[in-house]
Amino acid sequence: MDYIKVFAPATVANVACGFDIFGFAVDNPGDIVEIKRKPEPGIEIEAIYGDEGRLPLDAGRNAVTVVMLHLLGHLGISDFGASVILHKNMPLGSGMGSSAASSVAGVVALNEMLGRPLSRKELLPFAMQGELMAAGAAHADNVGPSLLGGFLVIRSYKPLDVFNIAVPAELYCTLVHPDVEVNTKDARLILRNEVSLKNAITQMGNVAGLISGLMTGDYGLISRSMVDVIIEPVRAILIPEFNEVKQAAMESGALGCSISGAGPSMFALARTRAEAEGIGEAMKSTFAAAGISSNVFVSGINSEGPRILAAD
Ligand code: HSE
């Protein structure tokens, strides 16, 4: 294979109560990576589109190629040569798993080009190296669902233990990205290290409730469980109009609404596409009333993960 083009989806990490342990993939947006084989050894970045020139073209400093270098190192391959084109279809620092989608598309594309030496699940630790480079922490709740699709639980990081849970087929997600930037490293630094026993108990109840609600299609339970008493109250201050936008989503029929990943994007879950679209309009107009423009994405939960768009 001399050429491959792979799409990897955006993701919603945390899903309200599951900080660093829950995430799901959406149908759109997503990033696209192209790899073209070249005779000389070494990986270079030929072009990046859609990043407004903000991402490094140095292969050793960009998540999309760092993951490839880790995979080649692990496989003991030193004579592989390729040039890489990255198409960013979502803003950087958006809370939609932007760096994760690039890392996943990159590592899946390379693995396919090499004849698939590793399974998708085995690629996860390599994709996590991209998160370490981009966000300063090797969390898996964006790369995991982007790579494996669906709703993913990271039960443990050491050792890495992840599993998918089934979600209702008619569940829809509204993702709203306001035109403000939140740096993931900063959004992690403001969190407290200690959690009160009272809040831990509430959060554990919600985690258990959300899993059970999703697996059984109990929308009342999903809705009651989409409550985060630990992270959201701290991070909400980074998102202007957070409370108003959340209230607008809930009044429009959302099952729940919270911060997507580290923010500033917010997400809501709904039972139908029409409801999810109405919720998106309400959230967008609430941001707009405060002079903040935003982009709305409505999609189902993406169970497939990365998609090979072309190979030659
Ligand atoms: N779980 C991570 C966080 C995801 O909330 O910091 C970052 O997108």
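Bear in mind the structure is a predicted one, so any value in this text is a computation, not a measurement. Just follow the structure's listing: the first ligand is 1, and inside any ligand the first atom is 1.
- The closest side-chain donor-acceptor pair between Thr11 and Asn142 falls under 3.5 angstrom.
- Summary of contacts: the protein heavy atom closest to atom 6 (O) of ligand 1 is Arg188 NH1, 2.6 Å.
- Looking at Asn14 against ligand 1, only its side chain comes within 4.0 Å, counting heavy atoms.
- The side chain of Arg235, and not its backbone, has at least one atom closer than 4.0 Å to an atom of ligand 1 (non-hydrogen atoms only; side chain from C-beta on).
- Electrostatic pairing of Glu181 and Arg54 counts as a salt bridge here, judged by a charged N lying under 4.0 Å from a carboxylate O.
- In terms of modelled atom types and a separation under 3.5 Å, the side chain of Ser223 and the main chain of Tyr219 share no donor-acceptor contact.
- Ring centroids of Phe126 and His70 are separated by 6.0 Å or more, keeping the two rings apart.
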Q.
What verdict does the salt bridge (charged side-chain N to carboxylate O under 4.0 Å, His left out) test give for Asp312 and Lys36, after you've listed the backbone C-alpha separation in whole Å, the side-chain angles of each residue and the deciding distance to 0.1 Å?
A. CA-CA 10 Å; Asp312 196 3; Lys36 291 187 269 184; over 6 Å; no
Which pairs would a plain distance check flag for residues 266-281, meaning a side-chain donor or acceptor within less than 3.5 Å of a matching protein atom at least two apart in sequence or in another chain?
from	atom 1	to	atom 2	distance (Å)
Thr272	OG1	Glu275	N	3.0
Glu275	OE1	Arg271	N	3.4

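- Heavy atoms of Gly95 come nearer than 4.0 angstrom to ligand 1 in no pair at all.
- Contact annotation for Asp141 and ligand 1: only side-chain heavy atoms (C-beta onward) come within less than 4.0 Å of the ligand.
- The atoms of ligand 1 that sit less than 4.0 Å from any heavy atom of Ala262 are 5 (O), 7 (C), 8 (O).
- Contact atoms of ligand 1 toward Asp20: 1 (N), 2 (C), 3 (C) (distance under 4.0 Å to a heavy atom of the residue).
- We find that Lys88 and Asp51 are not joined by a salt bridge, their nearest charged nitrogen and carboxylate oxygen being 4.0 Å or further apart.
- In terms of polar-atom proximity, defined here as any N/O pair under 3.5 Å, Asn142 does make such a contact with ligand 1.
- Within the listing of ligand 1, atoms 3 (C), 5 (O), 6 (O) sit less than 4.0 angstrom from a heavy atom of Phe19.
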